[in-house]
Amino acid sequence: MTKRNILIGCTGSVATIKLPLLIQKLRDSVPDIQIKVIVTHHAEHFFSASDIPEDVPIQRDADEWSSWSGRGDPVLHIELGKWADLMLVAPLDANTLAKMAQGLCDNLLLCTARAWDFGKPFFFAPAMNTRMWDHPITGPQIETLRSWGFREIPCVAKTLMCGDTGLGAMAEVDTIVQQVVGCLGEMELRNS
């Protein structure tokens, strides 16, 4: 299989605690893979950088501004999009979903998504409280992303961290990995 570059975005959902497991399972499933991670400020609350392998760069909002000092310098959100063969936002919280569906780009993750090459796969795995999932705006926002060709990995029903039970939990890591690996396999077939 061709060496592939995967860009994982994480947002301010408690499901971000699964980031280390997601990285591990992707690496176990696709031996020749490179991973970079973009985290929102709120995502950083839910994991420790020490739990992420040292060879997996974690990109933050501050990196966007520290890497550019003048005309001609690379722009990080553009460079990340060029580097990646596939982008996966897991988890995609309600706030980032709303911003993305409206085209807002006020952080590194959203700027990268806004500048995404639509010829490459983009997956998203929603994760939010059941009440947020059930809000009338959520369905149209999900449909907006899907209408652009972004691929939804649907949320599941279970008892959430807050104790509520219902839809809104991020899909299981194995399900997410299966979707990504399947897509990489399709890409390999097209290129052979």
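Bear in mind the structure is a predicted one, so any value in this text is a computation, not a measurement.
Classified by interplanar angle (parallel below 30°, tilted 30° to 60°, perpendicular above 60°), the ring pair Phe118/Phe150 is parallel.
Side-chain atoms of Leu108 and His77, non-hydrogen and from C-beta on, do get closer than 4.5 Å to each other. Val30 has its side chain within reach of Val181: a pair of non-hydrogen atoms, C-beta onward, lies under 4.5 Å apart. Within the 4.5 Å cutoff, no side-chain heavy atoms of Glu186 are placed close to those of Pro121. Under the 4.5 Å side-chain criterion, counting only non-hydrogen atoms from C-beta, Cys10 is not in contact with Thr40. Side-chain atoms of Leu97 and Pro126, non-hydrogen and from C-beta on, never get closer than 4.5 Å to each other. Between Lys158 and Glu172 the shortest side-chain heavy-atom distance falls below 4.5 Å. Taking 4.5 Å as the limit, every side-chain heavy atom of Gln179 sits out of range of all side-chain heavy atoms of Ile176.
Heavy-atom minimum distance, Cys155 versus Leu167: O-CD2, 4.1 Å. Leu86 and Trp116 get closest at one heavy-atom pair: C-CH2, 3.9 Å. For the pair Thr16 and Phe46, the tightest heavy-atom approach, listed with the atom from each and the gap, is CB-CB, 3.8 Å. Nearest approach of Pro57 to Gln59, heavy atoms of both residues: CB-NE2, 3.7 Å. Minimum heavy-atom separation, Gly12 to Asp93: N-OD2, 3.0 Å. Of all non-hydrogen atoms in Asn5 and Trp83, the two that sit nearest each other are ND2-O, 3.0 Å.
Residues Val156 and Ile153 do not share a hydrophobic cluster, defined by chaining ILVMFWY side chains whose heavy atoms lie under 4.5 Å apart. Val37 and Val89 are assigned to two separate hydrophobic clusters, defined by single-linkage of ILVMFWY side chains at heavy-atom distances under 4.5 Å. Residues Ile33 and Phe122 do not share a hydrophobic cluster, defined by chaining ILVMFWY side chains whose heavy atoms lie under 4.5 Å apart. Under a hydrophobic-cluster definition in which Ile, Leu, Val, Met, Phe, Trp and Tyr are linked whenever side-chain heavy atoms come within less than 4.5 Å, directly or via other members, Phe123 and Trp148 are assigned to different clusters. Connection of Val180 to Val173 is established within a shared hydrophobic cluster, with ILVMFWY side chains joined at heavy-atom distances below 4.5 Å, either directly or through further cluster members.
With hydrogens and angles disregarded, no donor-acceptor distance shorter than 3.5 Å links the side chain of Lys18 to the backbone of Pro91. A donor-acceptor pair under 3.5 Å links the side-chain atoms of Asp63 to the main chain of Arg60, judged by distance alone. Within the 3.5 Å criterion, the main-chain N or O of Gln34 finds no donor-acceptor partner in the side chain of Lys3. No donor-acceptor pair under 3.5 Å is formed between the side chain of Thr96 and the backbone N or O of Leu92.
With rounding to the nearest 0.5 Å, the separation of CD1 in Ile35 from CG in Leu88 is 9.5 Å. Atom OG1 in Thr175 sits 10.0 Å away from atom CE in Met170 (nearest 0.5 Å). Annotation: the span from Glu64 atom CD to Leu80 atom CG amounts to 8.0 Å, rounded to 0.5 Å. To the nearest 0.5 Å, the span separating CG on Asp85 from CG on Leu184 amounts to 8.0 Å. Note: Thr138 OG1 to Met132 CE = 8.0 Å, rounded to the nearest 0.5 Å. Separation of atoms NE2 (His41) and CG (Asp61) is listed at 9.0 Å; rounding is to 0.5 Å.
For Ser13 and Thr11, the side-chain atoms include no donor-acceptor pair closer than 3.5 Å.
For CD of Gln102, the number of neighbouring non-hydrogen atoms (other residues, nucleotides, ligands) closer than 6.0 Å is 12 at most. No more than 12 heavy atoms of other residues, nucleotides or ligands shown are found within 6.0 angstrom of CH2 on Trp65. Around atom CD of Gln178, no more than 12 heavy atoms belonging to other residues, nucleotides or ligands sit under 6.0 Å away.
Of the residues listed (Ile8, Ile6, Leu109), the one engaging Met87 in a side-chain contact (heavy atoms from CB on, under 4.5 Å) is Leu109, and it is the only one.
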*When you look at Leu110 and Met100, which way does the side chain to side chain contact (heavy atoms under 4.5 Å, CB included) test go after all the steps?*
CA-CA 7 Å; Leu110 288 166; Met100 195 179 295; 4.0 Å; yes

*Take Asp32 and Arg4 through the test side chain to side chain contact (heavy atoms under 4.5 Å, CB included) and record every step on the way to the result.*
CA-CA 7 Å; Asp32 204 10; Arg4 293 293 181 186; over 6 Å; no

_side chain to side chain contact (heavy atoms under 4.5 Å, CB included) between Asp28 and Val177, worked out_ = CA-CA 10 Å; Asp28 290 347; Val177 169; over 6 Å; no

*Do Glu152 and Phe124 pass the side chain to side chain contact (heavy atoms under 4.5 Å, CB included) test, and can you show the C-alpha distance, the side-chain angles, and the key distance before you say yes or no?*
CA-CA 5 Å; Glu152 179 187 9; Phe124 65 98; 3.4 Å; yes

